[in-house]
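First comes the structure, then the notes that go with it.
Not measured: the values here are computed from a predicted model.
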Number of protein chains: 2
Amino acid sequence: MSKAKKPEVRKMEIIQAALELFAQDGYENTSVNHIIERAGVSKGGFYHHYDSKAQLLEDIARLFLDKIAERIQGIAEMEDLSALEKTNEYFRQVNSYKEQRAAEVSTILAGMYSGGKNIQLEHAIFQYGSKRIAPLMTEIIRQGIEEGEFGTEFPEEAAEMFVRLFVINQNQMSELFFQALQQEKREEAEKIVDVIKRKYQFFQQLLEDTLGLEKGSLVLQEVAEETVNYLLKALDAR
Amino acid sequence: MSKAKKPEVRKMEIIQAALELFAQDGYENTSVNHIIERAGVSKGGFYHHYDSKAQLLEDIARLFLDKIAERIQGIAEMEDLSALEKTNEYFRQVNSYKEQRAAEVSTILAGMYSGGKNIQLEHAIFQYGSKRIAPLMTEIIRQGIEEGEFGTEFPEEAAEMFVRLFVINQNQMSELFFQALQQEKREEAEKIVDVIKRKYQFFQQLLEDTLGLEKGSLVLQEVAEETVNYLLKALDAR
DNA sequence: TATAACAGACCGACGGTCGGTCTTTATTCC
DNA sequence: GGAATAAAGACCGACCGTCGGTCTGTTATA
């Protein structure tokens with residue numbers, strides 16, 4: 001019998017186990033019994049910390065997004081940056097974070113979105129993201145409008161759409177990334193790399209339109225290149 | 001014991017029952033037992049026609065979208081219309097269809113999306129919509145580019161995004177529509193009406209940007225007005 | 001010693017299966 | 001052509017394993 005642990009520790013063990021299983025089988029196909037087996041905790045233990053399986057999902061979404069929100073908060077408070085510089089700084093930070101942690105989370109993230117098997121998680125993330133991130137983005141957009149670089153009559157709507165598009169993009173890219181790694185023929189994998197590049201271009205334009213920015217203002221292209229380089233390296237290393 | 005029926009008839013009975021229950025309780029909270037009870041068919045009967053509950057969902061999505069696809073197909077084949085005219089014609093048709101059928105389906109549709117309780121249905125609709133509708137839209141966009149009115153380097157991506165945005169818009173509007181009807185105070189309801197108008201404006205701009213159209217090219221504003229008028233009438237009639 | 005952290009037997013409901021029955025349609029024989 | 005028969009398909013409902021969640025009891029910690 002395992003001894004009692006601090007709630008945060010146990011919760012993290014449960015979350016870790018759940019994440020791995022969600023990535024493998026999806027939220028729906030992962031039972032609470034599987035989760036507790038992997039986490040090494042009993043039914044009673046699980047339901048002592050969580051009221052329901054759905055609440056665990058919320059907790060996971062919050063965990064992800066609170067980190068991101070902190071970063072954005074930090075960027076938003078840099079008073080010597082323009083709104084556009086803040087936005088681009090955010091893109092760079094998210095990417096460097098992903099690259100740092102790639103080894104530990106890439107497979108999880110990749111599995112997370114592959115095959116559209118995790119709509120619930122996706123939805124939870126967007127839901128909480130709208131609440132947590134959209135308001136921060138709204139402020140940045142407002143600043144950008146004052147500075148004259150952003151141009152939209154609908155800051156709130158644009159911010160929400162920004163979050164939405166970001167999540168969609170993230171999911172699509174993760175899925176393509178994973179697909180590329182699955183390909184046996186190098187040729188096929190590189191076709192997918194081209195699709196990734198193309199999608200990034202499209203998303204950059206769409207985000208610029210959404211925020212009313214000049215074409216080429218955002219640095220998503222940089223991000224795309226780094227992602228592609230990382231993917232190509234991974235393909236070589238196979 | 002009820003006599004044997006043609007598969008299409010039974011399937012429609014099952015779909016009808018399922019739709020009503022999905023609208024009321026959401027997909028997840030609706031059990032197969034409830035569906036078969038309402039449809040007046042046995043467990044074995046249900047699983048004779050459908051391999052799983054999920055397959056029923058796919059069937060429902062297909063039913064919805066095939067109708068829409070036929071309409072778009074019809075519009076796409078009108079050779080004397082420009083791509084922009086085709087797009088706007090589509091908006092008008094969808095709206096007139098919704099108004100015609102409003103009495104029978106409005107409450108169902110409204111309940112369907114309210115509270116985000118039907119992500120599965122939403123996902124199924126987008127999934128099948130991408131396959132069925134996006135290709136048709138891609139062709140219209142290509143035509144528009146040739147004619148010089150549309151301006152995007154990414155016709156396929158734009159088409160897919162168009163479908164995506166359309167579904168999102170539809171869901172948001174249905175939810176707001178429902179919310180407005182729920183309000184007790186007229187004042188509160190009219191606030192929501194303003195939100196609806198605002199969202200429509202935003203979506204029009206975003207769709208125009210996505211397709212690379214001139215501002216004000218799309219007639220979503222017309223659609224918005226009709227929707228709002230219909231809603232106001234419904235509020236008066238309470 | 002009170003309380004938080006667990007354990008695990010247990011519950012009703014769930015999605016899905018299975019052996020079998022009844023209805024409809026196709027085929028055969030006269 | 002019409003009755004007899006066989007094959008096909010629609011349908012039934014008891015049943016199964018598993019699910020998310022509850023409950024009562026035990027152990028550790030402050």
Side-chain angles (χ1 to χ4, degrees), chain A residues 1-61 115-121 123-124, chain B residues 1-61 115-121 123-124:
Chain A
M1 187 184 313
S2 72
K3 41 182 283 187
K5 296 180 181 177
K6 289 270 168 71
E8 317 116 39
V9 177
R10 257 284 187 270
K11 280 191 172 186
M12 276 312 295
E13 288 173 358
I14 292 172
I15 287 175
Q16 185 60 33
L19 271 177
E20 289 165 15
L21 290 171
F22 289 171
Q24 210 178 86
D25 308 319
Y27 173 79
E28 292 234 73
N29 301 322
T30 300
S31 69
V32 174
N33 283 324
H34 287 149
I35 295 172
I36 64 177
E37 188 188 346
R38 186 163 194 138
V41 71
S42 71
K43 213 61 177 290
F46 178 90
Y47 281 97
H48 174 71
H49 293 292
Y50 290 107
D51 288 346
S52 67
K53 189 186 168 191
Q55 205 181 80
L56 168 62
L57 193 68
E58 279 179 41
D59 209 42
I60 289 175
K117 271 285 165 199
N118 260 315
I119 353 164
Q120 331 261 0
L121 180 61
H123 185 257
Chain B
M1 187 186 312
S2 75
K3 42 182 284 186
K5 296 181 181 177
K6 289 273 163 72
E8 317 117 40
V9 176
R10 253 288 132 74
K11 281 191 171 186
M12 276 313 296
E13 287 174 358
I14 293 172
I15 287 175
Q16 184 61 32
L19 272 177
E20 289 166 13
L21 289 171
F22 289 172
Q24 210 176 85
D25 308 320
Y27 173 79
E28 293 233 75
N29 300 322
T30 300
S31 72
V32 175
N33 284 324
H34 286 149
I35 296 172
I36 65 177
E37 188 189 343
R38 188 165 193 135
V41 70
S42 70
K43 210 61 175 293
F46 177 90
Y47 280 99
H48 173 72
H49 292 293
Y50 291 108
D51 287 346
S52 67
K53 191 185 166 190
Q55 205 181 81
L56 166 64
L57 192 67
E58 280 179 40
D59 208 42
I60 289 175
K117 270 285 164 200
N118 261 314
I119 352 166
Q120 331 260 3
L121 179 62
H123 185 258

* Does A/His48 put a side-chain nitrogen or oxygen below 4.0 Å from OP1 or OP2 of C/dA5? -> yes
* To do: Please list, chain by chain and in numerical order, all residues satisfying side-chain hydrogen bond (donor to acceptor under 3.5 Å, both in side chains) with B/Ser31, sequence neighbours excluded.
  => B/His34
* Return the value, rounded to whole Å, for the distance between atom CD of B/Glu13 and atom C1' of D/dA10. => 13 Å
* To do: Measure from OH on B/Tyr50 to C1' on D/dC11 and round the result to the nearest Å.
  => 15 Å
* Would you please confirm or rule out a distance under 4.0 Å between OP1 or OP2 of D/dA10 and any side-chain N or O of B/Arg10? => no
* To do: Please report, rounded to the nearest Å, how far the C1' atom of C/dA13 is from the CD1 atom of B/Ile35.
  => 15 Å
* **Test side-chain hydrogen bond (donor to acceptor under 3.5 Å, both in side chains) applied to B/Gln55 - qualifying residues, sequence neighbours left out** => B/Asp51
* For B/Glu37 and D/dC12, give me the distance from atom CD to atom C1', rounded to whole Å. => 16 Å
* Asked: Side-chain N or O of B/His49 less than 4.0 angstrom from OP1 or OP2 on D/dC11?
  -> yes
* Asked: Quick one: side chain to side chain contact (heavy atoms under 4.5 Å, CB included) partners of A/Glu13, sequence neighbours excluded?
  -> A/Lys5, A/Val9, A/Arg10
* Structure fact -> Protein heavy-atom contacts under 4.0 Å, written 5' to 3' over nucleotides 17-23 of chain D as B (base), S (sugar-phosphate only) or - (none), form the string --SBBB-
* Under the side chain to side chain contact (heavy atoms under 4.5 Å, CB included) test, residues paired with B/Ile60 that sit two or more places apart -> B/Ile15, B/Ala18, B/Leu19, B/Phe22, B/Leu56, B/Phe64, B/Leu121
* Asked: In whole angstrom, what separates B/Glu8's CD from D/dC11's P?
  -> 11 Å
* Structure fact -> With sequence neighbours left out, the residues meeting side-chain hydrogen bond (donor to acceptor under 3.5 Å, both in side chains) with A/Tyr50 are A/Asp59
* **d(CG, B/Leu21; P, C/dG15) in whole Å** => 12 Å
* Asked: With a 3.5 Å cut-off and no angle check, do the side chains of B/Glu20 and B/Gln24 form a donor-acceptor pair?
  -> no
